[in-house]
Number of protein chains: 4
Amino acid sequence: MRDSVETRARILKTAEKIFSEKGFDGARVDDIAKEAGVNKALIYYYFKSKNEILETILSNLFQEAKNLLVQSAGNTSDISSEGGYRKLFDAYINFVTRNRKIIKIAIAESAKDDAKPSIVMELGKIIINSEIENIRREYSAKGIHYPDDKQELLVLEFFTGLVPFLAYALYKEQWESLYNVSEEELREAFYRVYTRTHLAAHLP
Amino acid sequence: MRDSVETRARILKTAEKIFSEKGFDGARVDDIAKEAGVNKALIYYYFKSKNEILETILSNLFQEAKNLLVQSAGNTSDISSEGGYRKLFDAYINFVTRNRKIIKIAIAESAKDDAKPSIVMELGKIIINSEIENIRREYSAKGIHYPDDKQELLVLEFFTGLVPFLAYALYKEQWESLYNVSEEELREAFYRVYTRTHLAAHLP
Amino acid sequence: MRDSVETRARILKTAEKIFSEKGFDGARVDDIAKEAGVNKALIYYYFKSKNEILETILSNLFQEAKNLLVQSAGNTSDISSEGGYRKLFDAYINFVTRNRKIIKIAIAESAKDDAKPSIVMELGKIIINSEIENIRREYSAKGIHYPDDKQELLVLEFFTGLVPFLAYALYKEQWESLYNVSEEELREAFYRVYTRTHLAAHLP
Amino acid sequence: MRDSVETRARILKTAEKIFSEKGFDGARVDDIAKEAGVNKALIYYYFKSKNEILETILSNLFQEAKNLLVQSAGNTSDISSEGGYRKLFDAYINFVTRNRKIIKIAIAESAKDDAKPSIVMELGKIIINSEIENIRREYSAKGIHYPDDKQELLVLEFFTGLVPFLAYALYKEQWESLYNVSEEELREAFYRVYTRTHLAAHLP
DNA sequence: AATGAATGAGTGTTCATTCAT
DNA sequence: AATGAATGAACACTCATTCAT
């Protein structure tokens, strides 16, 4: 019973790795099985199809992202203070770093032409909404003016709020090796840049 | 003779479309042939492999991007003026809009684990370098202080300068349909956000 | 478990047949699958490629040929006696008759321009060496003079010792049908000719 | 006109080379075109099909072989004399050496299961018949006994008369490189072996 | 006589998925 | 819960051959 749960988890973890390395279509169920150390047929015992593995992985990301938002909305009493903002930033950076493999998959998949909006857009929507709620609360509490243009706010939150974090997850490793910097150096530079751009745009 | 050039171009254009819709691995050579209205074997008359089609497409993007940079560096006499900056912004937005299909492909491919740096990183590098040159020239001409931290500047240019444009190309259509806005509305909102974040970070 | 071994063997046997009928390049994996009564993909479950099937077949021949030589070298106490020689001849004729399909393949492949020496030449080498050992032992035991010219001996063993047997395997069936003789008639005529030529050359 | 004849001949010569290197089925019309320095379509201007090229090549060999036999039957007044025999041997060795590429093709093709007898068997038949005629004439002129068993004579002529020459053509180059001997050394060793085996069998 | 472009029918190989145990 | 064997449907790529000029 314990074993069975662990096996399923191992399959998911391995699929995550291989999907992120090769892309969903480029990944082979054979490779997942081999690297997870299980028989290929066993994968089909736990999952209906290769596609279901992907959906499971992405929906897990969704759930975790939601949890993070709820949690950070609860924990962060004062976003606009330096320390409060840094805490939030760290929580986000840690999240995208920890989940960077899945985020890569999500981004790659989001490029495809599907009828439904891509997971990244969905993710963006809930993150943005939660963020906007936070901001609105903050702002109104402080009597700060809140931008009138809803569209502009959405664009701000998505393209300069969420997207750089996703790009961070996507290119973190390539960046570190191309420019020969440590994880810390990159994170700190990213923090300074992020505050000078996105955060700055929030202040009046 | 003319026809042959046109046929090759049609194959490339169609591959571009299908790669961007399905991803490289998800795309079928059969589908490219069918949609381009040519015999499948003819594709292999012009290109050694499916992969060579991809490389051709991406290297064309590379070339066009370089040309754009050279051109915009030459044309824009005064980036720091409102009108000058808007011109540059329009040139970039037009470029990523026009080439959005290829950019989608490039981003999706850049997520894969390859030995060499992804095309997006390469693109980032040359764009950044060119940009940094421009900026340095502008700044020194005006006696404005230029940031000391090279890494921070790189991060600024890549994650808040280039990346939002790429994201714009990637999600433009999804955005328009999800939030039910016109291309112009999105572009204008994006312009305002971009000036308030990335451009603002450049001013002292 | 047993079945799996049998299935693999059936694929090999069928490939042997089809390669010998059509030549390696002329043979179709589809045909092998159909005639072996297995799914085409199953062939690739057991063998990495069409080429690996060929290599397996040829290396099996190699092994069997070696076994035959070891065995006949051990069993034949007196090659130079009429009965002893006939026994050896029968063993060889049976071997090439039984393996004639593979021998056809080996010969056809040996005609191609490959970097490495063809399997026929390799086969020739080990057969010749074993044969020469036998002869040398016999001769010295009997005080018979042994040819000085090593090259001449090699040529003798290969072109008039081995080659006629291979040709027998290659053309046996065509011969029987063209000249309308039975297997026995051909074998007996071949025996008389072989003793009058190759064997005679060994006697002083 | 001259050119056209020369072009056709060059195509044939190149096809000969490539068929002998790769086998008929392994050879590519593209490769023949490239190596002959002509456009692929031009090959189909001169020959109906790839198969017709093969047939042309093989039928040329046939013709040349016949010519050789007629000629050698006419020229050689006394086969049974040492000098006469050597002359004949040289003529044959030269023929198979010069035509070794085509002979390789013929042998490889002769391994396939075709309804009609292979070209090697056909070749064998005419050579044998001519040879037998020669021998019979010689023998009766000298009052030497002529073997009663027709089958045995056929086997003798084919398997120890013709076949070693074909094998010589087939393996000459491999032999020279494997045993590191010159063309002359091999030919002389072959001559001595041939006289000690096949020729000896003809003498009472 | 010669060529660049085009094509139909394969051809070896792969892959997600299923079956029997 | 787990596995080795099996399969149908593709799939990228090839190749002999033809067409238009």
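All values below come from the heavy atoms of this structure, side chains included, with hydrogens, waters and symmetry mates left out. Proteins get letters first, then strands, A, B, ... in listed order; numbering begins at 1 in each. Just so it is clear, the model here is predicted, and its values are computed rather than measured.
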Next item on the list: Counting Watson-Crick and G-U wobble pairs only, both distances under 3.5 Å, name the nucleotide matched with dC13(F), or none.
Entry: dG10(E)

Check: Would you find a donor on one side and an acceptor on the other, under 3.5 Å apart, between the side chain of D114(C) and the backbone of K116(C)?
Finding: no

Notebook entry, point to check: Of the nucleotides dC13(F), dT18(F), dA1(E), which has the atom closest to the K50(B) side chain?
Noted result: dC13(F)

Check: Is there a donor-acceptor contact under 3.5 Å linking the side chains of N51(B) and E55(B)?
Finding: yes

Notebook entry, point to check: Tell me: CG of N51(B) to C1' of dC11(F), nearest whole Å?
Noted result: 15 Å

Next item on the list: Look at all strands and tell whether A27(A) reaches a base, only sugar-phosphate, or nothing, counting heavy atoms closer than 4.0 Å.
Entry: sugar-phosphate

Note to self: Tell me the closest heavy-atom pair linking L58(A) and I102(A), and the distance in Å.
What the structure shows: CD2-CG2, 4.1 Å

Margin query: With hydrogens left out and only the distance checked, is there a donor-acceptor pair under 3.5 Å joining D30(C)'s side chain and the base of dG12(E)?
Written below: no

Next item on the list: For F47(C) and dA5(F), give me the distance from atom CZ to atom C1', rounded to whole Å.
Entry: 14 Å

Check: Side chain of K40(B), base of dT7(E): donor and acceptor closer than 3.5 Å?
Finding: no

Check: Pick the nucleotide of DNA chain E nearest each of G37(D) and A41(B); which residue has the one closer to the 5' end?
Finding: G37(D)

Next item on the list: Indicate whether OP1 or OP2 belonging to dG4(E) is found under 4.0 Å from a side-chain N or O atom of S4(B).
Entry: no

Check: Which nucleotide, dT14(E), dC19(F), dT14(F), lies nearest any side-chain atom of Y44(C)?
Finding: dT14(E)

Next item on the list: Mind calculating the distance between CD1 (I43(D)) and C1' (dA1(E)) to the nearest angstrom?
Entry: 14 Å

Notebook entry, point to check: For the pair made of NZ in K34(B) and P in dA10(F), what is the distance, rounded to whole Å?
Noted result: 11 Å

Item checked: Assigned partner base of dT17(E), Watson-Crick or wobble definition, under 3.5 Å -> dA6(F)

Item checked: Atom NZ of K13(C) with >12 non-hydrogen neighbours under 6.0 angstrom -> no

Item checked: Most 5' of R10(C) and K48(B) on DNA chain F, judged by nearest nucleotide -> R10(C)

Next item on the list: Please report, rounded to the nearest Å, how far the P atom of dA10(F) is from the NZ atom of K22(B).
Entry: 13 Å

Item checked: Polar side-chain atom of K50(C) near backbone of A27(C) as donor-acceptor pair, under 3.5 Å -> yes

Next item on the list: Give the rounded distance in Å between these two atoms: CD of E6(D) and P of dA1(E).
Entry: 13 Å

Margin query: Of the listed nucleotides (dT14(F), dT11(E), dA5(E)), which one gets closest to any side-chain atom of L42(B)?
Written below: dA5(E)

Next item on the list: From the options dT7(E), dA16(F), dC13(F), select the nucleotide whose nearest atom is closest to the side chain of N39(B).
Entry: dT7(E)

Next item on the list: Identify which nucleotide among dT11(E), dC19(E), dT17(F) has an atom closest to any side-chain atom of R28(C), counting heavy atoms from C-beta outward.
Entry: dT11(E)

Next item on the list: Please check the phosphate of dA2(F) (OP1 and OP2 only) for any side-chain N or O of T7(A) closer than 4.0 Å.
Entry: yes

Note to self: S110(C) vs Y171(D), test: side chain to side chain donor-acceptor pair (under 3.5 Å). Steps then yes/no.
What the structure shows: CA-CA 8 Å; S110(C) 79; Y171(D) 297 117; 2.7 Å; yes

Next item on the list: Quickly work out the Y46(C) OH to dA6(F) P distance and round it to whole Å.
Entry: 4 Å

Check: In terms of side-chain heavy atoms of V38(B), which of dG12(E), dA5(E), dT7(E) is nearest?
Finding: dT7(E)

Notebook entry, point to check: What integer distance in Å separates Y45(A):OH from dC19(E):P?
Noted result: 16 Å

